[in-house]
There are 2 protein chains.
Amino acid sequence: MAAYTPSALKAELHERGWRMTPQRETILTTFQNLEKGEHLSAEDLRDLLAQEDDRVSLSTIYRNLKMMARMGILRELELAEGHKRYELNQPAPHHHHHLICVRCNKTVEFKNDSVLKAGAKMADKSGYHLLDCQLLIHAVCPTCQRSLLPS
Amino acid sequence: MAAYTPSALKAELHERGWRMTPQRETILTTFQNLEKGEHLSAEDLRDLLAQEDDRVSLSTIYRNLKMMARMGILRELELAEGHKRYELNQPAPHHHHHLICVRCNKTVEFKNDSVLKAGAKMADKSGYHLLDCQLLIHAVCPTCQRSLLPS
DNA sequence: TTTACTGCAAACTATTTGCAGATCC
DNA sequence: GGATCTGCAAATAGTTTGCAGTAAA
């Protein structure tokens, strides 16, 4: 656990000439307090914060989710159709991949360190600085295979 | 090469109570004639067909790209921000993954059969019918690392 | 002859952007 | 003090949908 603290974020922002704000701290700690494997869309996050009476505007949320993904703090997932979801970008023991049913969107998370290593090696070999590595499997789940509906 | 023929598509459509159309054949053969590694957005495809005076409406393109992805004929990629791209879903020797710079969107394709095998095994283990398996690596390319601009 | 498919135009929705005021450093 | 950040409202853009006519089988 331990992970990324607000002050580590602050330091990294300052390095780039940016600023720490209460909204950014709220967003970071919200993701850290999330149950393992839970991921949020921009709107989910807005609603969750509103429940706790800690309102942050949708545009600020969008701006900061994208920023944190580009910093490698969050990972951006395209699981269900039509909107992005975000989760903390965790290192090796917690890092996982996704298997998704294209019909019902049911998602299975799974770990595979050798895939992660292969990704890291590939990035390194090309001189890229790795931010996130996800194996994305599109498939049809057992239930939907049995369904009589074509599609 | 060889691959999927229009009549194979026709047969598969009929199995599901669907129909073959000239538009569907056009879309399939267009992807087959594409250079290796090239991928198209819905709009790209519309424009490419218009150039060859073989106009297909955008809605028909959207409907069929999604259908063919759900059949496993095409793979749906989210490379650059904001719109999906499609390419032929090729088997083992041509199958590849993507390494993407989150700043400039420069993309490197690479092959890794053991990753593909790990994905197929995982789908099988969960009883899912595999459609596509892609390792998606988000990173910062060498040029953008050197750039002085923060972000 | 039936039902699926296409094309058009309109609708939708997630995300982005311009701007004025607030706030971080 | 000066630049960055936020919140609002409006704009954008990719994609979807309703419908009437067309065409597979």
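Residue numbering restarts at 1 for every chain, and letters A, B, ... go by the order of the sequence lines. As a basis for the values below, the full set of heavy atoms in this structure was taken, side chains included, without hydrogen atoms, waters or symmetry mates.
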Between atom CD in A:Glu25 and atom P in D:dT6, what is the gap in whole Å?
13 Å
What is the distance, to the nearest angstrom, from the CG atom on B:Leu13 to the P atom on C:dC5?
8 Å
Name each donor-acceptor pair under 3.5 Å that joins a side chain in residues 104-122 of chain A to protein atoms two or more places apart or in another chain, with its distance.
from, atom 1, to, atom 2, distance (Å)
A:Thr107, OG1, A:Asn105, O, 3.0
A:Lys111, NZ, A:Pro93, O, 3.0
A:Asn112, OD1, A:Ser114, N, 3.0
A:Asn112, OD1, A:Ser114, OG, 2.8
A:Asn112, OD1, A:Val115, N, 3.0

Name the atoms and distances for all side-chain donor-acceptor pairs under 3.5 Å in residues 61-68 of chain B, with sequence neighbours left out.
from, atom 1, to, atom 2, distance (Å)
B:Asn64, OD1, B:Arg24, NE, 2.7
B:Asn64, OD1, B:Arg24, NH2, 3.4
B:Asn64, ND2, B:Thr60, O, 3.0

Should stems be defined as at least three consecutive Watson-Crick or G-U pairs with both distances under 3.5 angstrom, which of them involve DNA chain D?
C:1-25 with D:1-25
Rounded off to whole Å, could you give me the CG-to-P distance for the B:Asp47 and D:dG14 pair?
11 Å
CZ of B:Arg16 versus C1' of D:dA24: gap in Å, rounded?
18 Å
Tell me, please, which residues at least two apart from A:Glu78 pass salt bridge (Lys or Arg N to Asp or Glu O under 4.0 Å).
none
Whole angstroms only, please: what is the CZ-P distance between B:Arg46 and C:dC8?
11 Å
So, are B:Asp53 and B:Arg55 salt-bridged, with charged N and O less than 4.0 Å apart?
yes
Just how far, in rounded Å, is C1' of D:dT15 from CG of B:Leu65?
11 Å
Given protein heavy atoms under 4.0 Å, the one-letter contact record of nucleotides 15-25 of chain C, with B base, S sugar-phosphate only and - none, is simply BBBB----BBS
d(B:Leu48 CG, B:Leu34 CG) to nearest 0.5 Å is 7.0 Å
Go through the side-chain N and O atoms of B:Glu12 and B:Tyr4 and say whether any donor and acceptor fall under 3.5 Å apart.
yes
What integer distance in Å separates B:Met67:CE from D:dT15:P?
17 Å
Side-chain H-bond candidate by donor/acceptor type, B:Glu87 with B:Asn89, under 3.5 Å
no
Name all residues meeting the ring pair (Phe, Tyr, Trp, His ring centres under 6.0 Å) criterion together with B:His96; count only those two or more places apart in sequence or in a different chain, and write none if there are none.
B:His98
Presence of B:Asn64 side-chain N/O under 4.0 Å of C:dT6 phosphate oxygens OP1/OP2:
yes
For the CD atom of B:Gln90 and the CG atom of B:Leu88, what is their distance to the nearest 0.5 Å?
5.5 Å
